[in-house]
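Keep in mind the model is a prediction, meaning the values are calculated, not measured.
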2 protein chains.
Amino acid sequence: MVKGPDMLISEFARATDLPVDTIRFYIAKGLLKPERSAKGGANPYQMFRQEDVTAARMIRLQQTLGYSLGEILALNEEYRAGEHSPERTIEVLQMQIARLEERRAALDAALSFLRGKVEWIKAGKPDGAPRLEDYRC
Amino acid sequence: MVKGPDMLISEFARATDLPVDTIRFYIAKGLLKPERSAKGGANPYQMFRQEDVTAARMIRLQQTLGYSLGEILALNEEYRAGEHSPERTIEVLQMQIARLEERRAALDAALSFLRGKVEWIKAGKPDGAPRLEDYRC
DNA sequence: CTTGACCATGGAGCATAGTCCATACTTATA
DNA sequence: TATAAGTATGGACTATGCTCCATGGTCAAG
């Protein structure tokens, strides 16, 4: 494990393209756990590593996929809990994969519906418009 | 256009599997525009048609795909505005399709990443763990 | 004509996900 | 050593998307 140079919160904000306030919000929620630097006196500065950047990217990704921060936190903690058991890790990953596949199926259905509608209009709106009910999503 | 029998809000709630309060909230937002029945006196009852059921399903679908109610409203109004211009209608549909395809690409990237990680673990975690940064999402 | 189920309206309250201060301390630079 | 820039903390505030409730009117059955 190569340790990249730690960074302060403003640099981390640039690295992740997230507002500082949002980062602090995620820390308060337990989604990010930066180390504390020796600097900063009574309120030590938080130091972020490269893996925190990855974690932040993962959070944003999971968010776009419809997970709430609470769910993301739960998933991440479950992941950490079984970090030293490959079987458990794979199990958690498989669950996430299954959920994403469901979402993908719904998305595909929606795309089929919209494409069907475009075709139907291009065909001059013949009888039998594509019906959303016919697409499993 | 076959007109199905209209229904009152509680029946509409059953048909869409949405709480009555949520339906009223959507109406207040302008996402649903039921007709008014002759019944109800000073506060006439709202009558829902089959197309409202479809609209409600569409709203929920768009929501799972990451649209806010405001965006959904804008899209729907744009759609209605160009309802009598097939070209405009197709344009709006293509925009929605493009956006969904982007989302699909991100989802696929995430799936690849997770699958790659499972494989990597099954292979006994050799050097070079899959890195999220390598997946464009 | 009463009673229970249903409807409308308006407003309060809540969870999520931030966003924005005010205050105060620390550090680097001049 | 003054000063600007960066940091921490706590709390207020906002937007979105509901959810709940009080009040009061309406309707259909008995």
Rounded distance in Å - CE (M7(A)) to P (dT7(D)): 12 Å

Could E71(B) and R99(B) be called an ion pair, given the rule that one side-chain N must be under 4.0 Å from one carboxylate O? yes

Rounded off to whole Å, could you give me the CD-to-P distance for the Q63(B) and dT16(D) pair? 13 Å

Going 5' to 3' along nucleotides 4-15 of chain C, which nucleotides have protein heavy atoms under 4.0 Å from the base (write B), which only from the sugar-phosphate (write S), and which from neither (write -)? --BSSB------

Looking at R88(B) and E91(B), is any side-chain nitrogen of the basic one under 4.0 Å from a carboxylate oxygen of the acidic one? yes

Find the distance I23(A):CD1 to dT19(C):C1' and express it as a whole number of Å. 13 Å

Between atom OH in Y67(B) and atom C1' in dT16(D), what is the gap in whole Å? 18 Å

What is the distance from CZ of F25(A) to P of dT14(D), rounded to the nearest Å? 17 Å

Which comes earlier along DNA chain D counting from the 5' end, the contact point of G40(B) or that of R60(B), where each point is its nearest nucleotide? R60(B)

Tell me which of Y26(A) and A42(A) sits closer to the 5' end of DNA chain C, going by the nucleotide each one is nearest to. Y26(A)

Verify side chain to side chain donor-acceptor pair (under 3.5 Å) between Q46(A) and S37(A), making sure each step is shown before the conclusion. CA-CA 6 Å; Q46(A) 300 173 109; S37(A) 145; over 6 Å; no

Ion pair check, R14(A) and E11(A), cut-off under 4.0 Å: no

If you pin G70(B) and K39(B) to their nearest nucleotides in DNA chain D, which one's is more 5'? G70(B)

Does a side-chain N-to-carboxylate-O contact under 4.0 Å join E35(A) and R49(A)? yes

Nucleotide dA17(C), atom C1' - distance to CG of L18(A) in whole Å: 13 Å

Does S112(A) use its side chain to pair, donor to acceptor, with the backbone of D108(A) at less than 3.5 Å? yes

CG of L73(A) versus P of dT16(C): gap in Å, rounded? 12 Å

